[in-house]
Every structure is written in structure tokens, then in C-alpha cells.
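So the structure is just underneath, and the comments pick up after that.
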Amino acid sequence: MRRLLARVRSWEFVRQLRRNRMAVFGLAIVLIFLLAALFAPYLSPHDPLQRSLRQALDGPSWESPFGRDELGRDILSRVLHGARISLTIGLVSVGIGALAGVPVGAVSGYFGGAVDLLVQRLVDIMLAFPGILLAIIVVSTLGVGLTNAMIAVGIGTIPTYVRLVRGSVLSIKEYDYISAARAVGAGDLRIIFRHVLPNSMGPIVVQSTLQFAVAILWAAGLGFLGLGAQRPTPEWGAMLANSRMYIRVGAHATIFPGVAILLSVLGFNLFGDGLRDALDPRLRGRM
Amino acid sequence: MVWYFFRRLFLVIPTLVGVSIAVFAMVRLIPGDPALAMAGPHATPDYVQQIRLRLSLDEPLHVQYDRFMSGLLQGDLGRSTRTQRPVTAELWDKFPHTVELTLASLLIATAFGLPAGIISAAKRYSIFDNLSMLIALLGVSMPVFWLGLMLMLLFSVTLGWLPSVGRGSLLHLILPALTLGASSMAFVARITRSSMLEVLRQDYVVTARAKGLRERRVIYEHALKNALIPVVTVMGLQLGILLGGAVLTETVFAWPGVGRLMVDSIQARDYPVVQGAVLLLAVSFVLVNLLVDMTYALLDPRIKYN
Amino acid sequence: MRVRLLVGLLLCAALASVGALAAEPQYGGRLVIAIGVEPESLDPIGMSSAPAATVSEHISQPLIYLDVDGTLQPSLAVDWEASEDGRVWTLHLREGVTFHDGTPFNAEAVKMNLDRFLDPASGAPFRFLIARVTEVEVAGEYTVKLYTDEPFAPMLAHLSHSFIAMVSPEQLRALEPGDAITHPIGTGPFKLERWNRGEQVILTANEDYWGDRPYLDEVVFKFVPEDSARVVMLETGEADAIMRVPPLDVPRLDAHADVEVVHATSVRVIYIGFNNLREPFTDVRVRQALNYAIDKQEIVDVILGGAGEPSTAPIVPAVFGYYEAGPYEYNPEKAQELLAEAGYPDGFSATLYHPTGRYMMDATIAETVQSYLMDIGIDAELITMEWAAYLAHLQEPPETADYDMYMLGWGTVTLDADYGLYALLHSSQWPPAGWAVGFYKNAAVDAALDLARVTPPLDVRQALYETAVKGIWHDAPWLYLHDEVQINGVREGVHGLIHHPLENISAWEAWIDR
């Protein structure tokens with residue numbers, strides 16, 4: 001019976017999602033970037049690392065639709081490979097954030113009391129470092145580089161998950177079926193993992209989609225500051241850090257990597273918003 | 001109400017202590033000898049030893065923290081390894097510039113975001129609504145450093161209207177403030193719009209309409225006042241977020257603020273300054289949020305104080 | 001008194017004043033010069049780069065001035081002579097000079113300054129300049145005698161070095177031990193008004209200057225690491241002059257009505273040093289292989305827009321003691337053969353440290369080198385550091401030096417090979433003693449350099465330097481890149497700026513007509 005209901009709900013969910021044109025648009029962007037990332041080596045017209053000094057900063061042409069960068073490397077190929085890096089960053093960071101944040105949030109919300117108080121204060125402390133600052137601190141302690149940047153961004157997303165899951169657990173905890181499960185003697189862990197978490201999956205999925213956007217943005221920011229991916233890695237933010245020196249003589253080198261960041265972030269944001277509306281009709285029409 | 005204020009104040013204390021512990025731990029987690037890191041590469045062995053004693057690295061952690069805190073409370077954050085000046089002096093030089101940029105950004109965000117949100121809500125689904133919400137959507141997804149570069153490309157490089165980098169005349173402030181304020185502007189517009197729409201659905205507005213009041217009066221006299229409360233909160237919170245976002249904007253525009261100082265110092269391995277800058281930004285953020293919360297409590301009598 | 005050097009080559013390094021020369025100089029005004037990096041220090045015992053020298057020279061002066069033609073000119077010292085055996089130098093000082101704080105300048109002041117510079121405990125990175133001096137004697141109110149352990153041929157040239165600058169004895173006395181001077185009080189044409197860290201240095205005219213009062217009331221040096229930002233500042237008039245115009249912008253600026261591009265010679269070589277003590281750079285074949293792997297001409301042509309020449313020696317042709325030993329041709333096959341012989345057929349990984357915004361296109365050149373090295377299987381990890389921290393990082397002793405390769409430039413600002421070769425390649429100058437950052441050691445080269453410093457006859461010195469250069473070239477302790485050319489930009493209406501081959505830009509004769 002529950003399964004059937006879930007199925008109907010999933011139909012309703014898909015229908016809702018399809019009705020939201022913006023969300024479909026977002027999903028399309030996300031899929032395009034996903035394909036670009038998966039097939040970057042096959043789609044790229046050139047080797048993203050191949051230097052060709054005589055073509056340095058050449059503008060867009062048939063041969064290189066996005067033009068060439070300061071070492072004459074093909075920007076389209078670099079942007080395509082950059083999609084690979086950015087999506088990996090998103091995946092790893094969101095993975096770290098969710099794997100650490102979800103259980104902690106669930107435990108905090110489920111048990112309440114001293115545990116909850118402690119966790120909440122810890123989250124407060126993490127949230128005291130606004131935005132990208134937390135990631136910058138982690139990177140400046142661990143050292144610069146792509147791997148550390150992913151860890152840093154991942155850590156930066158933990159508090160969001162903790163808050164979210166805690167809130168959702170708090171509301172589910174009071175439902176009858178949880179009391180019922182407890183009454184038949186189910187252990188706390190079992191209740192959390194079998195009953196509580198599956199029912200918070202919706203918000204977690206929505207949040208993960210939105211956090212993907214945040215992760216891409218922050219990692220690009222770290223790359224731009226020289227604290228993330230290092231040269232010659234074709235990471236979008238790092239590409240901007242280099243090409244901005246040539247903004248007057250070869251603006252194309254600054255434009256395309258930025259467009260890639262903007263579009264991918266926009267895609268995840270639109271899709272995430274759409275998912276939220278579809279999964280939680282109560283929120284429709286709100287932020 | 002008073003009880004709420006106390007409670008809120010009380011909750012800030014563990015946060016601030018936590019921030020200080022995080023900053024304290026930062027230096028001790030850097031690979032290598034913390035004394036060397038704090039003394040800087042130029043330092044003589046004597047000075048490194050002096051730092052080692054000051055940090056009391058040979059003592060148990062809680063003693064070290066104790067020293068750190070007492071130094072902190074006396075405004076002593078050590079000396080910059082790069083300039084040899086006290087960290088507090090470095091920060092004091094730069095912080096006003098960051099505040100200036102942040103406030104200017106908030107001003108721009110409000111000046112454009114608020115009217116856009118109000119008009120969008122009043123003329124829902126109009127071209128203006130769709131357009132400004134599209135722009136707002138882009139604003140939220142925009143990498144701030146890239147936006148800065150594009151504005152620079154347009155207004156400085158191509159048109160030559162505005163200076164590109166540094167701090168000087170009021171003109172210097174425009175591009176960085178616009179850049180930093182863009183995402184807040186988008187956020188304010190979206191919040192204002194949804195808050196207005198919410199209010200417009202409320203009974204008293206419906207009543208006002210039913211009484212035959214003109215739409216203009218309904219919107220601007222009745223709805224706006226109530227819709228603004230959450231907007232004010234969001235703006236306050238944005239101020240804190242802007243403080244953090246300033247890091248990237250200041251780097252793009254060579255704006256001599258705390259954010260750029262921090263990034264430069266990371267590149268220069270000037271850990272005392274990095275520590276100080278992190279601390280300053282975090283504490284300002286916490287305090288701004290505290291103020292906003294209290295203001296909100298004063299503004300909105302409906303708030304629950306538990 | 002004239003240094004017999006290859007002056008002719010430098011003459012073209014124009015005392016470039018832009019615009020009409022006919023107009024009368026005008027007093028007043030404020031000149032803004034945007035330079036790439038901030039001085040790491042303005043303390044004589046803390047300075048180690050041309051940007052520091054550029055700013056410092058306006059405030060605190062050395063005893064002798066090396067002018068744009070390569071001639072040593074009287075400054076705080078008006079006359080000098082060496083003893084018969086070449087071991088004692090007598091300097092006659094200018095009378096009636098006061099420091100900015102009113103303290104009189106005299107022999108006592110010189111002694112205090114030189115003693116401080118020479119004190120090993122103070123750790124002056126350029127102590128080697130006059131390290132041969134065993135005693136500084138006050139021989140009269142305005143006479144100083146310098147005693148050396150050996151005849152020291154390049155003494156006068158070294159005394160002209162901007163870092164051996166005179167600051168007020170009062171200031172030195174007030175200094176706490178271990179403290180650095182952050183606000184130097186000198187005798188120069190400008191006083192230090194304010195130093196906003198990370199932003200700018202503001203200088204104001206010294207009304208009591210011993211020479212002619214400068215025309216300008218105020219000179220501001222702004223620190224703008226981003227090349228593009230400096231160019232835009234020049235175009236918009238935010239800056240009146242900028243140093244190091246990126247070559248790609250030259251055509252644009254040439255077309256700009258209000259801007260003049262000034263090409264000036266430089267005495268600087270740019271190179272990537274190897275840490276000769278770390279595997280695999282201990283093997284000469286590896287070091288040579290890397291030299292063959294880079295197309296220097298391509299870098300000069302494309303990235304520097306033709307501004308420069310591939311290096312043919314560790315010093316530029318204008319320097320006394322130069323010998324044309326190179327360049328290493330671009331030959332990746334040969335590079336790979338050499339690597340294979342050395343036991344690295346598949347290459348290896350190494351770190352490459354480099355500054356950014358310090359030398360022309362430095363970061364781009366580093367990335368280009370990385371790319372060339374990739375061709376022969378070498379994976380170079382680029383590590384960018386802020387200038388002052390970078391310099392400090394390169395002052396680690398051999399045991400703790402953690403870099404494999406490092407990009408540096410060196411201007412032989414004394415125009416004498418001793419300063420270029422001894423300081424960088426003599427094994428006695430390994431950090432922390434000096435700037436032989438690559439820990440290169442070749443006994444024959446050491447011997448030739450030692451002998452050349454204490455042998456006055458110029459033809460003998462020339463022969464010795466030839467031997468040294470040949471040895472150094474073969475051993476390839478560096479990856480030789482190119483000899484730099486300066487490209488500066490100046491706004492219309494700014495006159496009398498000195499674009500010095502030492503890569504200084506000086507404003508004490510500058511004036512603005514507007």
C-alpha cells in the first residue's frame with residue numbers, strides 16, 4: 001500500500017517537475033554539462049594542455065570556436081575538460097558534506113538534549129565563517145591544491161546538511177509510525193536509518209542539488225584565488241585567474257570559462273528549485 | 001523580550017569562543033613548526049625562540065590557549081611576518097575599507113533590489129516581473145569574481161568610464177560595490193517579491209481592496225510596511241554574507257581591504273595576519289547577525305521568544 | 001673616476017623624457033607611478049630587490065651614484081681614492097648635508113650605517129657587497145677610511161648599490177635590537193610621508209635637499225601586481241607612469257594619444273635555477289637537458305613580443321666580464337637523449353617556484369616552461385609565492401631548502417661581472433650567506449671568481465671571467481632564459497623621468513606640465 005502511494009507520488013512528482021519549465025531548462029543544462037564531462041576527451045577538438053605559442057590569444061575561429069588562451073591552448077577543449085573537474089568537485093564536496101552532515105544532523109535531531117545542544121553550537125561556529133571564508137581557512141591550513149579544495153568546500157557544506165536534516169527529523173519524529181516502530185522495540189539506529197532518514201530524503205536531494213551549485217562556485221573561487229586547482233589544470237576558476245591578465249587583448253579567454261561557471265551553477269540552481277517545488281508542494285511559489 | 005535578548009546574547013558567547021578556538025587551532029594544524037610559521041621566514045633564531053615562548057608551544061594545549069586568549073583580549077595578535085608591524089595595526093588599516101565596500105554594496109543591493117521586488121510583486125507576471133526575476137536568478141548563480149571582470153571589461157577597458165582597480169575617488173567604489181552587491185541585490189529582489197505576494201494574500205489586504213481602496217494605496221501603504229520586515233532581516237544577514245564575499249571582490253579590484261589582505265597573506269605565508277583577518281571577519285559576521293536578530297525582534301512583535 | 005665599461009650600449013638607455021624637451025620645467029604637482037610589487041623592506045639591511053631600490057633611492061641614498069650612462073657620480077661622497085696597495089679606500093664626504101630629521105650627515109653617520117650593514121648578526125642579504133671591508137674608520141668629520149683584507153676591485157661600483165643607503169644615526173640609535181626600519185629617514189630628495197601596506201608609498205619633496213629641490217611636490221608609488229591593472233591605470237590617467245608594460249599591450253598603448261611607451265635597456269638576466277644539491281639536478285646531463293628543452297626564442301618572440309634576447313651568458317653583454325657562451329639551442333630530441341643517459345628516460349617530477357608580477361610575464365613564462373618540460377616527460381609543479389615571502393624562501397640553507405627549481409632574475413647593477421657571478425654562483429655565497437640559491441659549486445669557477453675580485457688589471461679580470469662563464473655555461477646550474485628589456489609607459493606631459501638600466505624609475509628630475 002505504501003509502495004503504491006509512493007509510486008503515485010512519484011508520478012505526481014514527475015508531472016510537477018515537467019510542468020516547471022525553468023526546472024526542465026535547468027535539468028537540460030545539467031545534462032549537457034554531464035555529457036560534456038563524461039565525453040570530454042571525445043568532444044574536445046584539441047588536447048587541452050597542448051601549447052601552441054604562435055596561436056596565443058587568437059580569437060574564436062572554426063578551428064577553435066572559443067579561441068586560444070595565453071599559451072595558445074584551445075579554450076573549448078579546456079572548458080570541456082573543466083566540466084569534468086567541476087562536476088567531480090561538486091560530487092566529492094557534496095558527498096563529504098552529506099556523509100558528514102546527514103548522520104550528525106539526524107542524531108542531533110533525533111536524540112535532542114545535550115547532544116543536540118553541542119551539535120548546534122558546533123554548527124553555529126562553522127556558520128560564523130561566512131560563505132567561502134570557511135573553505136579558505138581550511139585550504140590555507142591544509143595547503144593549496146585541487147584535492148584540498150574539494151575537502152575544504154565539502155567541510156563548508158556540512159552545516160547546511162546538519163541544519164536541514166535536524167529540522168526534518170524533528171518534524172518526522174513526532175509522527176505516529178515512529179512511535180509505533182519504537183513501541184515494537186526497534187532500536188534508535190534502526191529507527192533513524194529505516195524510518196526517519198528515508199522520509200527526509202526529499203529535502204536532502206533538493207539540498208544536494210543546490211549545494212552542487214554552491215560547490216562549483218566556491219571551488220572556482222578558490223581556483224581564482226590561486227588556492228584551488230593549480231596550473232595547468234583546466235579548472236574554470238584557475239583559467240580565469242590566468243586569463244584575466246589578458247582581458248584587454250584577448251577578452252574571449254576570460255569570457256568563456258566564466259560563462260561555463262555561470263551556466264552550470266544556474267543549471268543546478270534551477271533544477272534544485274524545481275525539485276523542491278515538485279517534492280514539497282507546500283513550498284511552491286516561495287523562495 | 002528582555003529575556004530573549006539575554007538568551008540571544010548568551011548564545012553568542014560559545015560561538016565566539018568556538019571561533020577563537022578554531023583560529024587558535026589553525027596555526028597549530030599547519031604542517032611543520034608553528035613557531036617558525038608564526039615568526040616568518042625572515043626571522044632570526046632568537047625571534048623564533050621568542051615566539052615559541054610566547055605561544056608556549058612546550059606547554060599543554062589549554063595553557064597555550066589561555067595565553068592566546070589573554071593576548072587576544074588585550075588586542076595583541078602578534079606581528080606580521082611580512083611587515084613586522086602588529087597584526088592589529090595591519091587590520092585597522094584595512095578594515096574601514098572593507099566596511100566601506102560592504103556598506104556601499106548593501107546600499108546598491110537595496111536601492112535596486114527593493115524597488116525591483118516591489119514592482120515585480122505589484123505587476124506579477126508582467127514583462128518587468130519576468131525580466132527582473134530572470135536577472136535575479138542570474139545574479140544568484142553568478143561567480144562574483146567573473147562578474148567583476150566583465151564589468152571591468154565593459155566599463156573600464158571598453159568604455160573607459162570608470163577606474164578599474166584600487167581605492168581612491170568615489171568612482172573607484174562603483175564597480176567593486178556593484179560586483180559585490182549583485183548577488184545580494186538579486187536576493188533582496190526575490191525576497192521582497194515573495195514577501196509582498198505573501199502579504200497581498202492576507203486578509204487585511206483583501207479587505208482593503210474590498211473596501212475599494214485604490215490598488216496603489218493598498219500596495220504602498222498597507223502591504224509594503226508589513227512586507228518589509230522579513231526584507232530588513234534578510235538585508236542585515238546579507239551584510240554579514242557580503243563581509244565574506246568581499247574576499248573575492250577585493251582581489252579582483254585590488255581593493256585594499258581585509259579580504260585582499262588575507263589572500264595576500266596566505267600567499268606570503270604570513271600566518272599571524274591570516275589568523276587576525278579570519279578572526280576579524282568571523283567576529284564581525286557574528287556580531288552583525290546578532291544585531292540583526294535583535295532588531296528583528298524589536299520590529300516584529302509576532303516573533304516567538306523560545 | 002669614470003668606470004671603463006661598455007658605456008656605449010647603455011647610452012641608448014635614454015634619459016627618456018617624454019614629450020617636448022623645449023618647455024621649461026615647472027614646480028609642483030603629484031606624480032603617480034604604478035609598479036608591480038611592493039618593496040619587501042626599505043631598511044638597508046632588509047632590501048633585496050629592484051622595486052625596493054626604486055623607492056628607497058628617493059629617500060635614502062648611497063654614497064656614490066651610478067648614473068644612466070654607467071658612470072659613477074659623486075653623491076654623498078664627493079671624492080675618493082684607493083691606497084697604493086689597493087687595500088684602503090678613502091672617501092671624502094659632502095659637507096652641509098642633513099638627514100630628514102635634521103641630524104647632520106658626517107663620517108660618524110657613514111660608519112654607523114656601514115657597520116650595521118656589515119654586522120653578520122643583522123643578516124643583510126646583500127652584505128657580500130662590501131663583506132671584504134674589515135674596518136670602517138672615522139678619519140675626520142667628513143672623511144671615512146675603509147680597510148679591506150684584500151684589494152677589492154669592484155669596491156666603488158658596490159658602494160653605488162642602492163641598498164648601501166644612509167639613514168639617520170638618530171634613527172639607528174633609537175632602534176630596538178631585532179627591529180627593522182619601516183620608515184627610513186635619509187638624505188634623499190624626497191621624504192617618506194606614508195607607507196600604506198599593500199597599497200602605496202607616498203613621498204613628499206625634501207625642501208632642505210642638498211641638491212636641487214625636486215620639481216614635484218609629491219611622488220606616489222602604487223603597488224599593482226596585475227599587469228593589466230597597471231595598463232588600465234595608465235590609460236585612464238590614474239597613473240602617470242607605470243613600470244613593466246606587458247608586451248602584448250604595447251601596440252594598444254602606442255596607438256593611445258596620451259601615452260608614450262618607453263623601451264629602455266636592462267642589465268637583467270632571467271633564469272630558472274636548479275637546486276644543484278637535489279636529485280636529479282645533481283647530474284649535469286639533466287641540467288643541460290632542460291636547457292635544450294626550452295625554445296627561448298619562441299618565448300621571447302611570442303610572450304615577450306620580441307622584447308629581449310635569449311641569454312648567451314649568465315650576465316648580459318653590457319656588463320664588464322661578459323663572454324658569449326650560448327645560447328643552448330632548442331633541441332627536444334637531444335634533451336630526451338641526455339635525460340635517458342642520465343637514467344630518466346621517462347622524465348621525473350619536480351617543483352618550480354616562481355614569483356608573479358615581479359618580472360615581465362613571469363607567471364606566464366613559468367607556465368610555458370612547465371609546458372615545454374611536459375614535452376620531455378618532466379612534470380613540473382608550479383608554486384607561486386608573494387615576492388617578499390618568495391625571497392625569504394630562497395634564503396634557506398641547503399639542509400632545509402625544499403625547492404627543485406626557482407625562477408629569478410638578476411640585474412648586474414654594478415655593471416661588473418663580480419656582482420653578477422660571484423653573488424649567484426660562487427660556492428661561498430650559498431644561503432643564508434648570499435644569493436647562490438642553487439647551491440652550485442665548481443672549484444675552477446670559484447678560483448677564477450676569487451682571483452678576479454682581487455686583481456685590478458682589467459684585461460686579466462676579463463680573461464678570468466671568460467674562464468668562469470665558460471665553466472658555468474657548461475655546468476648549466478641554471479636553465480638560461482633571456483636578457484630582459486624594460487618597457488615602461490608614461491603619460492603625455494610628464495618630463496624628466498629617469499628610466500635606469502638598473503630597472504629603477506627615478507622622479508627627482510621629473511616635472512609635469514599641465
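Letters A, B, ... mirror the listed sequences (proteins, then strands); counts begin at 1.
- Every residue meeting the side-chain hydrogen bond (donor to acceptor under 3.5 Å, both in side chains) condition with A:S108, not counting sequence neighbours, appears here in chain and number order: A:D116, A:Q120.
- Across B:V286 and A:A128, no two heavy atoms sit closer than the pair CG2-CB, 3.4 Å.
- Contact tally against chain A (heavy-atom pairs below 4.5 Å) for B:V157, B:L248, B:V263: the top residue is B:L248.
- For A:H252, the side-chain hydrogen bond (donor to acceptor under 3.5 Å, both in side chains) test picks out no residue, with sequence neighbours left out.
- Atom CG of residue A:L262 and atom CE of residue B:M142 lie 5.0 Å apart, to the nearest 0.5 angstrom.
- Contact between A:I136 and B:M262 at its shortest, heavy atoms only, is CG2-CE, 4.0 Å.
- Proximity to chain B is absent for every atom of A:I216, based on heavy atoms less than 4.5 angstrom apart.
- Annotation: maximal heavy-atom pairing with chain A below 4.5 Å, among B:V12, B:V274, B:L153, B:V140, occurs at B:L153.
- Closest heavy-atom contact between A:L225 and B:T251: CD2-OG1, 3.5 Å.
- For chain A, no part of B:L242 is nearby; none of its heavy atoms comes within less than 4.5 Å.
- Distance OG/B:S141 to CG/A:N269: 4.0 Å, rounded to 0.5 Å.
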Requested in this report: May I have the step-by-step check of side-chain contact (heavy atoms from CB on, under 4.5 Å) for B:L149 and A:F224, ending in yes or no?
Outcome: CA-CA 12 Å; B:L149 289 172; A:F224 181 75; 4.1 Å; yes

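- Neither the backbone nor the side chain of A:V144 comes within contact range of chain B; no heavy atoms are under 4.5 Å apart.
- For chain A, the nearby parts of B:L137 are the backbone and the side chain; heavy atoms of each come within less than 4.5 Å.
- Other residues, nucleotides and ligands contribute over 12 non-hydrogen atoms within 6.0 Å of the OH atom of B:Y65.
- Looking at every heavy atom in both residues, A:G221 comes nearest to B:F145 through CA-CE2, 3.5 Å.
- Within the 4.5 angstrom heavy-atom criterion, atoms from both the backbone and the side chain of B:V252 approach chain A.
- Only the side chain of A:R121 has a heavy atom closer than 4.5 Å to any heavy atom of chain B.
- Using a 4.0 Å cut-off between charged side-chain N and carboxylate O, A:D273 and B:R190 make a salt bridge.
- A distance-only check finds a donor-acceptor pair linking the side chain of B:W146 to the backbone of A:T254 [under 3.5 Å].
- There is no contact between B:M152 and chain A, counting heavy-atom distances below 4.5 Å.
- When side chains are defined from C-beta on, A:D124 does not count as touching B:P14, because their heavy atoms never get closer than 4.5 Å.
- For chain A, the nearby part of B:L134 is the side chain; its heavy atoms alone come within less than 4.5 Å.
- In terms of heavy-atom pairs under 4.5 Å with chain B, the best-connected choice from A:V138, A:L227, A:L263, A:V259 is A:V259.
- Of the two parts of A:A220, the backbone and the side chain both hold a non-hydrogen atom closer than 4.5 Å to a non-hydrogen atom of chain B.
- Using a 4.5 Å heavy-atom cutoff, the side chains of B:L281 and A:F129 are not in contact.
- Only the side chain of A:I132 comes within contact range of chain B, judged by heavy atoms closer than 4.5 Å.
- Heavy atoms only, all atoms of each residue included: B:I266 and A:S140 are closest at CD1-CB, 3.8 Å.
- Nearest heavy-atom pair, B:G18 versus A:I125, reported as atom, atom and distance to 0.1 Å: CA-CD1, 3.3 Å.
- Proximity to chain A (any heavy atom under 4.5 Å) is restricted, for B:M150, to the side chain, taken from C-beta onward.
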